[in-house]
Amino acid sequence: MWNITRKNVAANKIRLALTALAIVLGVGFISSANILSDGLRDSFGSLAAEIVQGTDLSVSRDADVPLGQAELDRLNAIDGVRVANGGYGTEDVLPIRADGTVVRPNGPPVIANSWSTDEQLNPTTIETGRAPEGPGEWVIDKDSAEREGFTVGQTYELIVPTADGFTTAELVGTFRFGAENQTNGATLMAFETNEAKVLFDRDNFGGIDIAVDGSRPIPEVKADIEAAFGADYLVQDTADLNAETTAEFNSFISVFAWVLRSFAIVALFVSIFIIANTFNIVMSQRVRELGLLRAVGATPKQVRRAVMGEALVVGFVASIIGLFVGLGLAYALEAFLNALGAELPPFGKPLSIATILIGMGVGIGVTLLSAWVPARRAGMTSPVTAISGHDASSVATGRRSIIFGALLSTVGAALTGVALFGGIESTPTLLGMLGGGAALLFIGITLLSPLVAAPISRALGAPIAKIYNRPGVLAKENAARNPKRTATTAAALMIGLSLVSMAFVVGQTLKNDLNELLETTVKADYAAFPQGDGMVPIATVDAMEASPELGTVVGMKYWGTEIVGNTPLSGAEIDDDLGYVEVSTLDLNKIDEVLNLDLVEGSYADITDDTMAMYESVADDLGVGMGDTVQVMLADDSFIDMEIVAIFADGNIFEGALVTEARWDSIGDQENYDWVATTIADGSTAAQADEAIATIASDFPQIAAQSALEYREEISGQVDNLLFILTGFLALAIFIAFIGIVNTMALSIFERTRELGLLRAVGMTRNQMHKMVRWEAAIVSSVGALLGAVVGIVFGVLVVVATPDYVLNNLSIPWLSLAGLVAAAGIAGLIAGFLPARRAGKLNVLQAIADA
Amino acid sequence: MTMLDSPTFAPTTSVAAYAAAATKIYGDGDTQVTALDSVDVSFPTGEFTAIMGPSGSGKSTLMHSLAGLDRLTSGRVVIGDTDLSTLSEKDLTLLRRTKIGFVFQAFNLIPTLTAAENISLPLDLGKAKADNDWIDEVVRAVDLGERLDHKPNELSGGQQQRVAVARALASRPDVVFADEPTGNLDSQTGAAILDFMKRAVQQYRQTIVMVTHDPVAASYADRVVFLADGRIVDELRQPTTDTILAALRSSSQH
Ligand SMILES: Nc1ncnc2c1ncn2[C@@H]1O[C@H](COP(=O)(O)OP(=O)(O)OP(=O)(O)O)[C@@H](O)[C@H]1O
Ligand SMILES: [Mg+2]
């Protein structure tokens with residue numbers, strides 16, 4: 001039987017190549033994710049070592065406890081400590097170039113640190129000039145200095161997170177990080193320690209690094225510090241720090257790798273459909289040959305083995321090619337990310353044993369899995385078919401596969417339903433159930449879709465039949481003649497497109513909700529937001545208030561803190577942070593001038609320093625209501641009682657609780673604002689106010705000021721970008737589905753050789769034949785897209801319904817975009833049909849007729 | 001065939017198709033096969049011609065060349081007043097659609113179209129408006145009744161061949177070519193098809209050229225042309241089964 005396998009592989013090169021392409025791409029993506037994460041892990045591992053090298057011990061806060069000069073003095077006094085050095089770090093400082101433009105983080109961060117005067121504890125070394133020694137001095141890493149055009153000796157302005165928002169400092173030197181200033185694209189700056197405390201707006205050290213004097217073993221010193229400082233402080237040695245830093249890097253790398261992997265998994269899942277379909281078609285075309293094998297005495301098992309052998313060969317070869325494609329993809333992704341400004345460290349591209357085993361295993365496994373059902377069917381071929389002959393082109397839909405399909409769909413839907421609505425709290429379980437449920441649902445729908453494939457094909461093909469007359473009618477009928485084949489081919493496309501459609505629905509709902517929220521709740525004409533991670537400085541608010549063209553100016557602040565009610569917050573078990581409620585504040589006297597908050601009960605006028613307004617769904621969550629008292633955690637970790645005197649409705653701009661500015665100051669620790677709303681002054685025109693706002697925005701490059709409309713447009717744009725990126729990632733799966741269409745069409749044409757010859761003989765032109773084949777492909781892909789859109793809408797609706805209302809509320813379906821998607825799939829189908837159509841057109845009429 | 005002795009012979013309206021010095025050579029060198037060896041033959045309008053001859057004598061090759069499915073190595077084929085050798089691939093296709101009808105031994109129908117749709121297929125492929133009276137007449141002659149709306153796989157072999165003949169007649173072509181149209185049928189069903197073809201010739205002056213191995217089938221024709229080794233070796237007018245058998249015997253003695 002091995003001999004038959006060998007001959008079949010050799011005889012069907014093109015078909016196998018197309019089948020293999022799906023596997024090659026899937027394995028390529030999986031492998032590149034592994035190669036990339038292996039390489040980056042090595043590279044970041046050595047970076048981590050470079051960062052912590054020199055620090056023998058480190059002390060940081062593990063609770064809300066002080067870490068300042070007093071703690072530094074206590075550490076310096078401990079026996080065995082040579083020097084303890086407190087440091088600060090922030091990403092809120094941005095230098096301004098000589099031409100007035102701001103150096104902004106563009107992928108890699110812009111980091112400012114305090115300068116450690118102890119050589120052992122400082123991973124950087126001065127290259128030119130000198131270290132910063134006091135106020136008004138700063139240093140920057142040498143590559144960034146060169147790249148951004150900063151010259152030693154010059155004075156520059158820098159954006160800082162203080163109330164003023166700016167500082168001026170002389171660049172007194174440049175430094176290198178480690179041996180070669182390998183910063184992975186980050187911009188590094190440093191200030192003298194006390195200056196850093198002021199500029200970074202810090203009360204506590206970020207951490208205290210310690211160098212020992214060698215008189216005592218490090219573990220003993222560590223034990224002393226732990227005994228002296230207690231459990232509220234975290235004491236780490238070099239190994240701990242290294243592990244921590246490495247773990248931080250690794251979690252970033254593994255998120256990245258898992259994103260790649262999940263899209264590869266979708267692509268491979270789609271591949272299963274395509275490969276199974278290809279094997280199925282080929283087996284039914286070879287039914288005579290298989291029958292003959294059976295007639296001359298081959299057992300079902302032998303036939304099955306011959307088919308599985310073929311799959312094994314295809315899977316093996318494709319996986320090997322896939323590994324190399326993965327290697328190439330890893331280089332391409334590195335180049336792509338670097339082109340985006342990531343400046344990844346140069347990393348090796350190791351083809352580790354694990355990568356090879358996973359790639360080969362997945363590739364061969366998927367192929368064998370896909371071939372299993374076709375092989376079983378081939379094995380069950382009756383010897384009679386060899387003699388009786390049998391039309392491979394039209395196969396009735398089996399009742400068994402319908403029942404099985406209904407069963408799988410039900411189980412899949414149930415699983416997805418429980419995942420969405422069952423209140424499952426472990427994220428991996430949730431994702432596993434969602435993924436597994438969706439996969440079952442997809443298989444189930446695929447098995448069921450032959451029931452609708454023919455009518456849908458005919459309905460979609462009707463206008464084409466009108467336009468193109470007979471070739472159009474034939475295209476439509478050909479798409480409908482084998483519903484199972486059309487359904488499976490279309491299903492591959494359905495999967496990718498249903499995910500895209502779902503994202504469209506969720507995205508559109510999100511956009512609309514945000515729009516509506518802004519439209520109904522914001523009365524202000526302009527909003528000023530920090531650019532990037534920072535804050536809106538008090539100085540900006542002062543400038544707005546000073547501007548005669550602007551009216552009311554209201555700054556807003558948020559802070560997450562613990563609020564205890566009658567029941568624990570849902571989600572609190574999953575993640576500590578989710579147990580926090582966002583507490584907002586603003587000048588309550590001016591609230592009506594800039595915001596329109598929908599109050600369910602109570603009044604803002606009743607809010608005093610000991611009372612609050614609460615968001616309806618948070619109150620429900622906490623099991624409290626009007627007039628109830630909750631305990632609120634203050635900045636010093638103590639709790640106070642506060643009464644709820646107003647409830648505001650879901651879908652408001654504040655998500656948690658609203659308190660007075662005085663009360664907020666004892667809860668939060670922040671003087672600058674999260675965002676600022678302002679109005680046009682009475683007597684000013686919109687144009688004048690626009691200009692005033694633009695001037696302030698250019699004076700304070702750390703903020704972005706926009707009119708309400710601009711802001712809404714920006715939010716829509718951001719959602720669109722997200723959808724675009726997601727669609728881009730799913731493009732692989734969609735591309736593989738189109739390979740499937742090309743493959744199926746090519747096989748169908750081979751199968752219909754005689755028929756096509758006859759059509760040519762009775763007067764169908766090549767052009768008409770091209771049209772017929774290409775429109776058939778277009779119909780098949782439109783069927784897939786239509787099914788995908790329907791399934792995607794259902795998924796999208798479920799997600800919107802399952803998500804809490806303050807995240808997604810009013811379902812809105814982007815019909816136009818979805819129709820565009822289906823139309824685009826149809827056009828792509830026309831393109832996919834190009835090669836098979838050419839093949840059909842090139843058919844030798846005489847030979848086709850002779851192939852009786 | 002005396003009419004065709006002169007290569008400058010100009011066709012009159014009474015000739016539907018003719019071949020002059022038609023030569024077809026397959027392959028080259030040692031494997032070279034001369035399938036047609038300078039064949040001159042004409043098919044007068046309204047005549048039913050049968051072509052007979054041993055297997056490999058070139059019958060199908062001649063038919064395919066006449067029908068514009070294959071090109072000659074040398075010589076020419078004229079359908080109506082069109083010289084096929086001057087036509088592009090596309091024009092040849094359009095000519096097949098309008099001027100030529102076909103019936104093959106098997107697999108004549110498109111499985112996705114109904115019997116009625118198959119009949120009108122050549123017309124539907126073009127933009128020319130169909131002659132509905134004629135189509136109705138042909139459809140009535142096929143005598144399929146309600147089966148007209150059935151797909152081919154729901155028809156018997158004989159019914160399928162009848163539909164195929166109707167399809168060949170639908171565009172009122174200059175010539176209908178049939179390559180062993182009854183080869184797959186039992187003699188009774190075959191006879192019905194042959195009757196149908198003969199009626200088309202008698203009632204509508206349709207020109208039909210049919211290849212067959214069967215002397216009974218050939219006896220339905222007005223004339224039998226005998227082919228051997230790519231040449232025309234004999235011709236019989238108003239044949240009967242007996243005269244055909246005799247001619248076959250004598251030609252095999254050549
Ligand atoms: N495509 C081809 N390539 C090479 N030789 C061919 C080809 N087609 C036909 N021949 C040869 O040309 C000769 C005539 O073939 P043709 O098919 O015309 O015979 P035929 O009279 O129709 O035979 P049959 O009665 O068996 O159908 C044969 O010797 C055949 O082998
Ligand atoms: Mg023949």
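Keep in mind the model is a prediction, meaning the values are calculated, not measured. Order of the sequence lines sets the chain letters (A, B, ...), proteins ahead of strands, with each chain counted from 1.
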In this structure, CG of B/Leu113 is separated from CG of A/Leu759 (nearest 0.5 Å) by 8.0 Å

Residues, nucleotides or ligands: over 12 heavy atoms within 6.0 Å of B/Asp229 CG: no

Student check: side-chain heavy atoms of A/Arg766 and B/Glu89 closer than 4.5 Å: yes

Counting only heavy atoms not in A/Phe750, do more than 12 sit closer than 6.0 Å to its CZ atom? no

Inspect the surroundings of CG in B/Asp28 and state if more than 12 heavy atoms from other residues, nucleotides or ligands are less than 6.0 Å away. no

A/Arg754 to B/Ala106 - nearest heavy-atom pair and separation: NH2-O, 3.8 Å

Is it the backbone or the side chain of B/Leu95 that comes under 4.5 Å from a heavy atom of chain A, or both, or neither? neither

Atom CG in B/Asp70, atom CG in A/Asn844: separation rounded to 0.5 Å? 8.0 Å

Chain A: which of B/Leu92, B/Thr98, B/Ile110 shares the most heavy-atom pairs with it under 4.5 Å? B/Ile110

CG/B/Leu125 to CZ/A/Arg470 distance, rounded to the nearest 0.5 angstrom? 8.0 Å

If you count the non-hydrogen atoms of other residues, nucleotides and ligands that lie under 6.0 Å from NZ in B/Lys99, is the total more than 12? no

Measuring from atom CG of A/Leu846 to atom CZ of B/Arg71, what distance do you get when rounded to the nearest 0.5 angstrom? 11.5 Å

Is the closest side-chain heavy-atom distance between A/Leu758 and B/Phe102 below 4.5 Å? no

Under 4.5 Å heavy-atom distance to chain A, tell me which part of B/Leu69 shows up: side chain, backbone, both or neither. both

Minimal non-hydrogen separation, B/Arg97 against A/Gly763, with atom names: NE-O, 2.8 Å

OG1/B/Thr112 to CG/A/Asn478 distance, rounded to the nearest 0.5 angstrom? 5.0 Å

Does the side chain of A/Val762 reach to within under 4.5 Å of the side chain of B/Arg167, using non-hydrogen atoms? yes

Kindly check if the number of other-residue, nucleotide or ligand heavy atoms within 6.0 Å of CZ (A/Arg458) is above 12? yes

If you measure from CE on A/Met764 to CG on B/Leu121, what distance do you get to the nearest 0.5 Å? 7.0 Å

So A/Glu477 and B/Lys151, do their side chains get closer than 4.5 Å, heavy atoms only? yes

